[in-house]
Amino acid sequence: MNVKKVLTYLAIAFVIFYLFTQPANAAGAVRNVFGGITTGAERLSAFFTSLLSG
């Protein structure tokens, strides 16, 4: 087995462990990630709107 595959399995195992042991914290982390993606998309949209409108 190569190192990349082992690290991938370990990361997946950690995520599953975290979900089962800290479900409220895991939900908060997911909420923060999606909130960051949403904020980034809104800012990118505002940038291109401003750029194209002159």
Enumerate, atom names and distances included, each donor-acceptor pair closer than 3.5 Å involving a side-chain atom of residues 27-46, sequence neighbours excluded.
unit_1, atom_1, unit_2, atom_2, d
Asn32, ND2, Gly28, O, 3.4
Thr38, OG1, Phe34, O, 2.8
Thr39, OG1, Gly35, O, 2.9

Quiz prompt | Fellow cluster residues of Ile16, listed by chain then number, with links counted only when side-chain atoms sit under 4.5 Å apart | solution = Ile12, Phe20

Quiz item: Other than Leu19, what residues sit in its cluster of Ile, Leu, Val, Met, Phe, Trp and Tyr side chains whose heavy atoms are under 4.5 Å apart, directly or through others?
Solution: Val15

Practice problem: To the nearest 0.5 angstrom, please state how far the CG atom of Leu51 sits from the CZ atom of Phe47. | Solution: 5.0 Å

Self-check item: Pairs meeting criterion side chain to side chain donor-acceptor pair (under 3.5 Å) with involvement of residues 7-22, two or more places apart
Solution: Gln22-Asn25

